[in-house]
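Below is one structure, written out as structure tokens; the observations come after it.
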Amino acid sequence: MRVKTFRGSSTAAVFADIKAEFGDNAIILSNKSVEEDGRKIHEIMVGVDGQEEAVPAQETRDEVIDAAMNNIPDWNQEWNQIKGHMMALLKPQMNLNLLAPRQRLALEYLEREGVENKVILDLFQQLRGDKSKAILPELEKIAPVRALDSKNWPQKFQALAGPHGAGKTSTIIRLALKEKKENPTARICLASADQGQGKGRLVLRHYADLSGLEFRELASREDFAKLIGESRKFDRVFIDLPGLGGNAELEGWLTACGMHGPCDLAVHLVLNPYYAPAQYTAFLKKFQSSKVKSLIWTKLDEACNYGALVNTSYESGLPVSLLSYGSGLRNSMQPACEKDFWRLVFKHQLPVQEKMNFAKAV
Ligand SMILES: Nc1nc2c(ncn2[C@@H]2O[C@H](COP(=O)(O)OP(=O)(O)O)[C@@H](O)[C@H]2O)c(=O)[nH]1
Ligand SMILES: [Mg+2]
């Protein structure tokens with residue numbers, strides 16, 4: 001980041017200088033007026049992402065600070081955090097009068113729900129100047145929904161990735177039982193690649209045995225190759241992936257298992273709605289892969305708000321495919337649909353509650 005201070009006799013003149021030098025890329029860090037020799041001087045400090053130091057000598061205070069900041073090791077890793085602070089500074093400049101009261105209330109609500117400033121600012125940019133514009137279509141672009149079913153996700157191999165305890169094994173069992181119920185002749189295989197978690201493996205095998213489903217252990221690259229080789233025997237293979245502790249990353253892990261090539265695989269990332277913001281960034285990095293196609297949200301019943309769902313789609317560009325809201329295996333999940341998703345965000349209504357209310361009403 002490059003930081004630079006512009007000064008001039010009017011705010012408009014200073015902004016014109018900023019625009020001439022940096023176009024629309026500058027982020028305003030501070031904006032103040034000072035008296036000098038009886039004259040009023042406007043001073044605006046801006047930051048520009050991705051701009052390297054252009055001035056050779058460290059002459060001014062700002063340039064010295066800038067050089068020092070550029071020398072901090074892993075500076076780029078800090079950039080996201082700094083950006084967050086900048087957003088907080090920018091927000092007072094978000095002129096809410098440009099919005100209709102309905103639009104403003106919706107943004108205020110989303111902010112209270114934990115939707116991040118950068119998402120709010122993005123929405124503001126889309127809405128400003130058009131008071132008749134509805135917010136939901138804009139939100140649907142940020143957090144698209146694509147139900148987890150065989151029409152939307154025809155890949156034979158459906159793998160669930162995510163941190164330990166996120167709900168991968170439970171969701172695989174629920175998905176397999178649902179598929180079996182809807183299509184009793186389907187040839188379904190459950191495969192456990194989670195060798196570190198003995199219990200999850202046994203639970204999966206147990207449900208496979210109980211429900212007459214095939215079961216495979218995937219402990220080595222050869223096991224994966226064998227499963228791919230016999231895949232014609234199955235209509236659908238659900239794979240339980242390991243939590244990937246330490247520095248392990250999904251992309252490398254899939255490559256090591258021979259699952260990264262042209263194999264007919266869709267990975268869905270299972271997350272809970274109440275991690276800290278930095279944790280989502282870390283998980284999205286750890287589980288980043290072209291094979292990851294959607295987000296599955298579990299433990300929705302344990303959360304007090306749902307801003308994280310919007311933030312994570314915004315950050316990753318991934319659609320939401322499944323909503324899970326109970327620890328049991330029955331009546332605890334729904335393939336995501338837009339109505340359920342936005343009712344959850346705006347009304348805290350779990351999909352199951354809606355159905356119960358409907359049942360009471362009829
Ligand atoms: N409350 C609640 N608990 C859940 C949900 N999904 C899974 N769980 C529970 O979370 C725990 C961890 O789930 P598990 O499937 O073993 O996670 P894994 O480590 O990702 O395979 C289990 O006790 C599940 O019963 C959910 O939607 N709501
Ligand atoms: Mg498990």
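Numbering of ligands and ligand atoms starts at 1, following listing order.
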Steps toward side chain to side chain donor-acceptor pair (under 3.5 Å) verdict (R146, S294): CA-CA 8 Å; R146 196 163 163 219; S294 84; over 6 Å; no

Shortest reach to atom 10 (O) of ligand 1 by a heavy atom, considering only R174, K299, R201, K168: K299

Qualifying residue for side chain to side chain contact (heavy atoms under 4.5 Å, CB included) with L241, from L218, D194, V267: V267

G162 near ligand 1 by a heavy-atom separation under 4.0 Å: no

Region of M333 engaging ligand 1 - heavy atom pairs below 4.0 Å: neither

Subset of ligand 1 atoms that lie under 4.0 Å from at least one heavy atom of S324: 6 (N), 26 (C), 27 (O)

2.8 Å cut-off met by an N, O or S atom of S170 to the Mg ion (ligand 2): no

Which segment of D301 sits under 4.0 Å of ligand 1 when only heavy atoms are counted: side chain

Numbering as shown, the atoms of ligand 1 that approach Y325 to under 4.0 Å (heavy-atom distance): 27 (O)

Test item: side-chain donor near acceptor, S324 and R174, under 3.5 Å: yes

Closest approach of L127 to K133 (non-hydrogen atoms, all atoms of both residues): CD2-O, 4.0 Å

Criterion side chain to side chain donor-acceptor pair (under 3.5 Å) on N183 and T185, from CA distance to verdict: CA-CA 6 Å; N183 183 4; T185 59; 3.1 Å; yes

Heteroatom proximity flag, E302 to ligand 1, N/O under 3.5 Å: yes

Heavy atom of A166, distance to ligand 1 below 4.0 Å: yes

Nitrogen or oxygen atoms of D240 and ligand 1 under 3.5 Å apart: no

Side chain to side chain contact (heavy atoms under 4.5 Å, CB included) assessment of S289 paired with E249: CA-CA 9 Å; S289 162; E249 293 193 342; over 6 Å; no

Residue R102 excluded, over 12 heavy atoms near CZ under 6.0 Å: no

